[in-house]
A.B. asks: 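Pasting a structure here, questions to come.
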Amino acid sequence: MHSSARCFRLDHVLRADDLLVLLEVARSGTLIGAAASLGMDHTTISRRISALEAAVGARVMIRSARGCELTELGRSLLAASETVEHAVGQVRTLAQPGGVSELSGLVRISAPDAFAAEFVGPAMARMVRTHPRVSVELISATRPMVQGHGADIEIGLGSSLPRWETVLLSEYRLGLYASSDYLGDHGSPATMAELTGHQLVYYVESLLRVPELDVFDRLFPGFEVRVGSTSVHAQLAATVAGAGIGLLPTYLADPQVSLRRVLRAEVDVSQRYIAGLAPRALRRPATTVMMQELRAEVRARQHELLGRGAPPG
């Protein structure tokens, strides 16, 4: 009897590093995502989660084709998992020469494609130069903010995210732009009514998934998009090439020497970039520093976002 009970305890021992696996699955939302972050294969991650479930005597997550969702028990283990992660970090710090902490780990960011390329990219470069043991992954797509898809920082337009810590990064502006060649051939509209006959460049309305960008009908009732793309960079390229008058972010259009802004007073659309930070229990340690780099990049280039030309001073 005693032998059997002892055997059961040995076979179902609770391993602290299994809690780290649980924490990464919770952060990533999938076994494959957790495997990539931890440098394991997903079958090993699955076995570790199964071992944890055997040790605690119940399921800690529900697996489906869409990913992994923690059970109530799984969520209750996150605080202990964080404690283990913090303790491991302290041990690594003590092992460093002089006991100096070195930031490490992964940060995942999701952002609209134009903002990702123009602002997140430079901030990522600065992050990895300053902290060589940090890795940064960026998913760029112009889509609604979708919490729970493995991002530590999710950047989007408009409103805040429930249950996430939300930070206003910056306002930015959209305006109408056309190439000098296009205006030379078709004339420059002096009033909104004179847009009639011009080709307008913007998103494909039927595929636009971000409500905040669905402003075309309000601004230009009765007009239609003649050249549409789901990519703002393609819209920019088409406008530069003379396809028509594009409704573009000022930070993309103003640096283009061949573009001219038209109807500035009539069309000056204000939007907001916000950043949602994953709940603290799911936030990777390097996230806070990455967020500081993003905010520094935005502060330094606020004039571009607001379409105000060169920075003051």
Side-chain angles (χ1 to χ4, degrees), residues 1-95 101-110 133-135 137 139 145-154 161-165 276-290:
M1 185 77 168
H2 293 295
S3 173
S4 164
R6 181 173 179 176
C7 179
F8 178 82
R9 289 196 299 270
L10 287 174
D11 286 346
H12 297 82
V13 62
L14 178 61
R15 296 172 49 178
D17 55 349
D18 288 344
L19 291 173
L20 295 179
V21 172
L22 174 70
L23 185 58
E24 193 54 47
V25 173
R27 286 169 171 167
S28 300
T30 65
L31 297 180
I32 292 175
S37 299
L38 295 173
M40 303 177 179
D41 61 75
H42 73 279
T43 55
T44 301
I45 296 291
S46 181
R47 286 197 300 271
R48 299 285 289 274
I49 292 299
S50 295
L52 177 60
E53 290 177 331
V56 299
R59 298 183 74 177
V60 297
M61 67 177 54
I62 298 170
R63 312 176 200 193
S64 71
R66 293 182 299 173
C68 301
E69 182 178 349
L70 266 62
T71 63
E72 184 176 349
L73 173 60
R75 290 191 294 272
S76 72
L77 294 176
L78 289 179
S81 303
E82 274 194 296
T83 300
V84 171
E85 181 181 57
H86 181 67
V88 170
Q90 286 184 314
V91 170
R92 286 175 176 161
T93 296
L94 292 171
S101 176
E102 185 177 354
L103 196 64
S104 63
L106 171 69
V107 182
R108 286 198 175 110
I109 306 169
S110 172
R133 294 185 60 205
V134 172
S135 299
E137 294 180 353
I139 300 167
M145 296 183 76
V146 283
Q147 52 189 305
H149 283 238
D152 301 287
I153 301 172
E154 187 164 351
L161 288 171
R163 301 187 304 279
W164 280 44
E165 181 183 331
L277 279 73
R280 293 189 182 278
L282 300 179
R283 202 179 301 170
R284 295 176 178 88
T287 299
T288 301
V289 180
M290 184 68 241

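Owing to the predicted nature of the structure, the values given are computational and were not obtained by experimental measurement. Worth knowing before you read on, the calculation uses all heavy atoms, side chains too, and leaves out hydrogens, waters and symmetry mates.
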A.B. asks: Measuring from atom CG of Asp18 to atom CG of Leu23, what distance do you get when rounded to the nearest 0.5 angstrom?
C.D. replies: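 The distance works out to 12.5 Å.
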A.B. asks: Return yes if a side-chain donor-acceptor contact under 3.5 Å exists between Ser50 and Arg47, otherwise no.
C.D. replies: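 Side-chain D/A pair, Ser50 to Arg47: absent.
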A.B. asks: Do Leu22 and Met61 make a side-chain contact, defined as non-hydrogen atoms from C-beta onward lying under 4.5 Å apart?
C.D. replies: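 Answer yes - side chains close enough.
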A.B. asks: Report the distance from atom CG of Leu52 to atom OG of Ser81, rounding to the nearest 0.5 Å.
C.D. replies: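 Between Leu52 CG and Ser81 OG, I get 7.5 Å after rounding to 0.5 Å.
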A.B. asks: When rounded to the nearest 0.5 angstrom, what is the spacing between CD1 in Ile62 and CD in Glu69?
C.D. replies: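 It comes to 6.0 Å.
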A.B. asks: Testing Ile153, Leu277, Asp152 for side-chain contact (heavy atoms from CB on, under 4.5 Å) with Met290, which one passes?
C.D. replies: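 Running side-chain contact (heavy atoms from CB on, under 4.5 Å) over Ile153, Leu277, Asp152 with Met290 returns exactly one hit, Ile153.
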A.B. asks: If you round to the nearest 0.5 Å, how far is CD1 of Ile32 from CG of Asp41?
C.D. replies: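 Output value for this atom pair is 10.5 Å.
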A.B. asks: First locate atom CZ of Arg48, then atom CG of Leu19, and finally report the distance between them rounded to the nearest 0.5 Å.
C.D. replies: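 If I round to the nearest 0.5 Å, the distance is 10.0 Å.
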A.B. asks: For Glu137, give me all partners under salt bridge (charged side-chain N to carboxylate O under 4.0 Å, His left out), at least two apart in sequence or on another chain.
C.D. replies: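 In terms of salt bridge (charged side-chain N to carboxylate O under 4.0 Å, His left out), with neighbours along the sequence ignored, Glu137 is linked to Arg108.
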A.B. asks: Hey, does the side chain of Thr71 reach the backbone of Arg59 with a donor-acceptor pair shorter than 3.5 angstrom?
C.D. replies: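 Side chain of Thr71 to backbone of Arg59, a donor-acceptor pair under 3.5 Å: yes, one is there.
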A.B. asks: For Ser104 and Ala286, which heavy atoms make the closest approach, and how far apart are they?
C.D. replies: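 Closest approach of Ser104 to Ala286, heavy atoms only: O-CB, 4.1 Å.
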A.B. asks: Could you walk me through whether Leu78 and Leu70 pass side chain to side chain contact (heavy atoms under 4.5 Å, CB included), step by step?
C.D. replies: CA-CA 10 Å; Leu78 289 179; Leu70 266 62; 3.8 Å; yes
A.B. asks: Sub-3.5 Å donor-acceptor pair from the side chain of Ser46 to the main-chain atoms of Thr43, do we have one?
C.D. replies: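 Not at all, since once roles are kept as given, no pair shorter than 3.5 Å links the two residues.
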A.B. asks: Are the side chains of Leu20 and Glu24 in contact, using a 4.5 Å heavy-atom criterion?
C.D. replies: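 Result no, sub-4.5 Å side-chain heavy-atom pair not found.
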A.B. asks: Checking the side chain of Glu53 only, and the main-chain atoms of Val60 only, is there a donor and an acceptor separated by less than 3.5 Å?
C.D. replies: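 Side chain of Glu53 to backbone of Val60: a pair is present.
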A.B. asks: Could you walk me through whether Ile139 and Ile109 pass side chain to side chain contact (heavy atoms under 4.5 Å, CB included), step by step?
C.D. replies: CA-CA 6 Å; Ile139 300 167; Ile109 306 169; over 6 Å; no
